[in-house]
Structure formats: C-alpha cells, structure tokens
Amino acid sequence: MMKFTVKYDSPLLEYLYTALAPQSRTAIKALLTHRQISIGGTTVTAFDHPLKKGDLIEVDANRQKAGIESRDLKIVYEDDWIIVADKRAGLPSMSTGAAAGSEKDRELTAYSILFSYMKSKSPDGRVFIVHRLDRDTSGLMVFAKDEKTKRLLQENWDRCVSERKYAGVCEGNFQRKEGTVVSWLTENPKSLKMSSSPYDNGGRKAVTHYTVTGEIPGFSLLEIELETGRKNQIRVQLASIGHPVTGDRKYGARSNPFGRLALHAATLAFVHPRTGKSLRFSSPLPFRL
C-alpha cells in the first residue's frame, strides 16, 4: 500500500501522472479503472476528480481488480453509500414492476447489472434505484447501497440536487436561443404517452429551461436544465413547442440522424446524503452536430 499527501490542488489523473512517475500513463489509468485508488478512505475512479491540498491518496496495487466489465453501464463513482453510473441509450433503468433492492431483474437493466456487481462483492450486497432515466436516454444515474441512503436522497431530492443538466438535439432552429417551458403534464393510461397543456388542467406542473449551444440548418443542440422531474418531461415539452428531440418517434420526431433518441443526462451535482460533501459528475456527449 502506497500513501502520500496531495501538495497542491489538481485533477486526480494529472496529479497521479507526476506523483507515480515513472509508471506509464496506461498503468496509472488502469489503477483508477480497477478501483485501486482511494482518497480519504473513499475509492475513486473518476479521472477528473478534484484533489485538494492535504488530501490523502492511497494506492493499493494488490487489491483485487473487481468491477463491472460492461458496455452497457459504467461506474463513475462509488463509496460506502452510493453509486453513480453512466448508462447507454436503450438500457432500461429497471424492469417494469421490479422492486428495487428485492430481487434481480429478469431482463438486462441498469439495476440488474449493479445488483450482480454488488452480489459479486458480498453475498449481502444490495442496490436501490434512486431515480430513473427513460430507456432510450443515456447518461448519469444515482443508486443507493442501503434503504436509508435511498430514502434520504429521494425525500430530499429537490434540496440535495444543485445541478441536473441534459444535452439534446432537436428538430428545427429556435428563434429564442434560451427560454423556459412551463406546462402541466398528464398521462394517457392506455398509451402511456404524456401530453402537455400550457394551462393548469389538473396535471403535474413541469418546468424546463433550455439554451441553444449549437445549430445547423434544421437542427439545434440544447443544454437543458430541469426544475422539476416528470416522466418524459423534456421530450413532451420540447415537442409541444414544435422542436421534438431527434429520434423520438413517440413524440413526433421525423428525423433520426444518430440512430437513437438524442437525449443525454450530461451533468449531475448533489450533496452527499451521508457525508454532506458536494459532488459533481459529467458525462461526455455521445452525439454531435
């Protein structure tokens, strides 16, 4: 076990390149990938994890290289209480009707992958889903390792989460390069399709902020920030103003340039429910204009 104290603020990987020289960059990245680096007693895998002067880094070259080997899901952060994972488009968050934390999903889901992962670490290992992403939306999700942590996150979600941003490519070009969509959403119980009303019709109020960050003729790249988190919120609200997400046939998209729903949960920042620390994660965009 190697231990050393951080001498200056730096992204983790950049610091390790210097501190662990002359090891190769590939070998140093492998230490992170195989969960052999911890900071202050917490295992860290994110290359850009922000180090502060005085942090204690531990390198365990002999630790068993356990982890998820899956193209479907990648763990970007893990500690004793939570897992932050990045899922691919097309992978369900969990099976319909599956009880999180009770039994393994029958189909391949983000939950089932992490269920197997936790069981491989310990027979008593458990995982609980905190929030969901639509099957065809990719990006960041939070899972809890115990019921108390799950409850703390879910019951205090609006207070805990300080930033929740998506990226999406929509059909058409916007006259207003930034704006807010406010509407009331209801679900058709037969089709399970959401509808959006600009007036209070008894549905659930939804608020979405958007900024155009890039465009070409006929398409716009948006940064989208949620003030509320309703089912299909971004998709139905953007469709309601004439700019459906590309690849979203359910809500009227006529184009599919990326062969998928062009919506990605790109940024998630929240206060850790157990430690009180502020955490922020980002996931690279899987599509470009």
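No experiment lies behind these values; they were computed from the predicted model shown.
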Under 3.5 Å, sequence neighbours excluded: what are the donor-acceptor pairs made by side chains of residues 7-15?
residue, atom, partner, partner atom, Å
Asp9, OD1, Lys53, N, 2.8
Tyr15, OH, Lys7, N, 2.9

Problem set entry | Arg274 vs Asp146, salt bridge (Lys or Arg N to Asp or Glu O under 4.0 Å): CA-CA, chis, key distance, verdict | CA-CA 11 Å; Arg274 296 291 200 144; Asp146 61 82; 3.1 Å; yes

Problem set entry | Test log, rule side-chain contact (heavy atoms from CB on, under 4.5 Å), inputs Thr275 and Trp81 | CA-CA 9 Å; Thr275 67; Trp81 302 280; 3.6 Å; yes

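- In this structure, His264 has its ring center at least 6.0 angstrom away from the ring center of Tyr166.
- If you chain together hydrophobic residues whose side chains sit under 4.5 Å apart, Leu279 and Leu32 never meet in one group.
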For this session: I would like to know whether Glu171 and Thr246 meet side chain to side chain donor-acceptor pair (under 3.5 Å); could you show each step before the answer?
Result: CA-CA 6 Å; Glu171 295 183 344; Thr246 62; over 6 Å; no

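- Enclosure of atom NZ in Lys119 by more than 12 non-hydrogen atoms of other residues, nucleotides or ligands within 6.0 angstrom is indicated.
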Exercise. Going through the distances and angles, do Leu263 and Ile224 end up as a side-chain contact (heavy atoms from CB on, under 4.5 Å)?
Worked result: CA-CA 10 Å; Leu263 190 60; Ile224 304 158; 4.2 Å; yes

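- Atom CD of Glu178 has 12 or fewer neighbouring heavy atoms from other residues, nucleotides or ligands inside a 6.0 Å radius.
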For this session: Take Gln154 and His131, measure what side-chain contact (heavy atoms from CB on, under 4.5 Å) needs, and give me the verdict at the end.
Result: CA-CA 8 Å; Gln154 290 183 332; His131 66 108; over 6 Å; no

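- Around NZ of Lys177, the count of heavy atoms belonging to other residues, nucleotides or ligands within 6.0 Å exceeds 12.
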Exercise. Going through the checks in order, is the side-chain contact (heavy atoms from CB on, under 4.5 Å) test met by Thr208 and Glu227?
Worked result: CA-CA 6 Å; Thr208 299; Glu227 192 170 310; over 6 Å; no

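- Between the side chains of Thr42 and Asp79, not a single donor N or O lies within less than 3.5 Å of an accepting N or O.
- The distance between the ring centers of Phe143 and Phe128 does not fall below 6.0 angstrom.
- Leu185 belongs to a hydrophobic cluster with Met194, Val236, Tyr251, counting contacts under 4.5 Å between side-chain heavy atoms of Ile, Leu, Val, Met, Phe, Trp and Tyr, direct or through other members.
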